[in-house]
2 protein chains.
Amino acid sequence: MQDSPGTEMAAAIGPCASIPADQMAFIRQVLDRIGDKWSMLIIAVLKDGTLRYTDLQRQIPGISQRMLTHTLRQLQDDGLVTRTAYAEVPPRVEYTLAPLGHGLQEIVKQLIGWASEHHDDIRAHRSRTPSTPRATTG
Amino acid sequence: MQDSPGTEMAAAIGPCASIPADQMAFIRQVLDRIGDKWSMLIIAVLKDGTLRYTDLQRQIPGISQRMLTHTLRQLQDDGLVTRTAYAEVPPRVEYTLAPLGHGLQEIVKQLIGWASEHHDDIRAHRSRTPSTPRATTG
DNA sequence: CGGAATCCATTCGGATACTG
DNA sequence: CAGTATCCGAATGGATTCCG
């Protein structure tokens with residue numbers, strides 16, 4: 001590991017091989033899905049078990065019908081959320097976390113927990129860099 | 001919790017109170033930051049300790065210089081990543097996970113683990129819905 | 001090597017209006 | 001109630017070129 005930094009013999013192989021590079025592909029695919037503006041939030045609030053469309057709208061302030069519907073469809077297509085519509089009037093549609101979604105939800109909850117814990121650290125650090133073009137001190 | 005589902009007296013208070021609604025704000029803020037196309041991936045590959053700019057480029061296939069630089073700046077501003085530039089020629093810049101970033105990285109690694117485990121489930125379910133306008137069967 | 005700057009296509013996502 | 005459809009501005013992000 002401590003080879004002198006002038007010899008670029010590293011072209012042979014990545015020594016630490018952080019991520020297998022073929023896994024990168026579907027990692028990106030998953031992140032692209034749940035890494036949008038609302039997916040994680042929807043998964044998070046679905047911890048209550050089953051929620052109706054309007055319940056989701058209420059619990060996620062700021063989401064539009066367009067995005068709520070769209071995101072639910074994505075999650076549904078991926079098998080993370082189950083949709084059940086009751087043919088009654090007025091119509092009622094319920095959304096539940098699918099089995100596949102439960103594991104993900106655990107992680108999302110941790111992420112939310114982390115965000116709750118450290119958001120002020122982040123904001124503090126963010127405001128501490130007034131206009132730093134690059135704090136290069138090397 | 002088990003009040004009959006016909007009486008909508010729920011307007012008074014959210015019984016399960018999934019997410020405190022004031023936490024929603026900074027949850028959204030954090031998700032907006034790390035929920036972009038590359039942040040989590042960068043945090044993930046930084047598990048090797050320290051990586052140079054070009055190392056990051058190599059380990060994250062498909063990222064452009066623009067996005068790598070931009071995302072690194074965000075992470076740096078938020079205090080998740082530390083940048084160290086050495087005033088030598090040719091220049092060398094190293095990026096390391098900041099202390100604040102370590103907790104997040106644990107979660108990101110779990111997320112990647114989950115993605116690796118279930119990406120085929122997701123893809124299978126995704127292709128199983130050929131054109132489902134809505135699989136409403138209630 | 002490690003960026004910055006500009007240009008530009010695509011996508012995201014909100015507002016609004018309408019439907020069964 | 002639970003959507004759909006359209007419009008359109010804002011943001012994302014890739015390609016390219018140049019620079020210290």
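Letters A, B, ... are given to chains in the order of the sequence lines, protein chains preceding strands, and every chain is numbered from 1. Computed from a predicted model, the values in this text were never measured in an experiment.
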Handout entry: Short side-chain N/O contact from B/R92 to OP1 or OP2 of C/dG2, under 4.0 Å
Key = no
Taking distance alone, no hydrogens or angles, what donor-acceptor pairs closer than 3.5 Å link side-chain atoms of residues 37-45 of chain A to residues at least two apart or in another chain?
{"from": "A/S39", "atom 1": "OG", "to": "A/R33", "atom 2": "O", "distance (Å)": "3.2"}
{"from": "A/S39", "atom 1": "OG", "to": "A/D36", "atom 2": "OD1", "distance (Å)": "2.8"}
{"from": "A/S39", "atom 1": "OG", "to": "A/D36", "atom 2": "OD2", "distance (Å)": "3.0"}

Handout entry: Closest listed nucleotide, where the reference is the side chain of A/T54 and the choices are C/dG14, D/dA2, C/dG2
Key = D/dA2
Practice task
Check side-chain hydrogen bond (donor to acceptor under 3.5 Å, both in side chains) between B/Q23 and all other residues, then give those that pass, not counting sequence neighbours.
Solution key: A/S116
Fill in the blank from the handout: Sorted by chain and residue number, the ring pair (Phe, Tyr, Trp, His ring centres under 6.0 Å) partners of A/H125 (sequence neighbours excluded) come out as none
Problem - Sequence neighbours excluded, every pair satisfying salt bridge (charged side-chain N to carboxylate O under 4.0 Å, His left out) that has a member inside residues 109-121 of chain B - result: B/E106-B/K109
Practice task
Ignoring hydrogens and angles, state whether a donor on the side chain of A/T96 or A/T50 is under 3.5 Å from an acceptor on the partner side chain.
Solution key: yes
Practice task
List for me each residue that meets side-chain hydrogen bond (donor to acceptor under 3.5 Å, both in side chains) alongside B/T54, sequence neighbours excluded, and say none if there are none.
Solution key: none
Fill in the blank from the handout: Students should find that the end-to-end axis angle of the helix from C/dC1-D/dG20 to C/dG20-D/dC1, with five pairs defining each axis and rounding to 10 degrees, is 50°
Problem - Nearest atoms (heavy-atom pairs only) where A/G79 meets A/A98 - result: O-CB, 3.2 Å
Problem - Length of the CG-P vector between B/L31 and C/dC12, whole Å - result: 17 Å
Fill in the blank from the handout: Closest to the 5' end of DNA chain D, once A/P90 and A/H70 are matched to their nearest nucleotides, is A/P90
Identify the pairs formed between an N or O of the protein and an N or O of nucleotides 5-11 of chain D at a distance under 3.5 Å, and give each distance.
none

Practice task
Not counting sequence neighbours, list each pair that qualifies as a salt bridge (charged side-chain N to carboxylate O under 4.0 Å, His left out) and has a residue in residues 91-100 of chain A.
Solution key: A/E88-A/R92, A/R92-A/E94
Problem - Pairs satisfying side chain to side chain donor-acceptor pair (under 3.5 Å), at least one member in residues 60-72 of chain A, at least two apart - result: A/Y53-A/T69
Problem - Distance below 4.0 Å between B/K37 side-chain N/O and D/dG14 OP1 or OP2 - result: yes
Fill in the blank from the handout: Of C/dC1, D/dG3, D/dG14, the nucleotide closest to the side chain of A/V93 is D/dG3
Exercise for the section: When you get a sec, tell me which of D/dG13, C/dG14, C/dA4 is the closest nucleotide to the side chain of B/R73? Expected result: C/dA4
Problem - Comparing A/S64 and A/P91 on DNA chain C - which has the more 5′ nearest nucleotide - result: A/S64
Exercise for the section: Report the residue (A/I63 or B/T69) whose heavy-atom-nearest nucleotide on DNA chain C is the more 5′ of the two. Expected result: B/T69
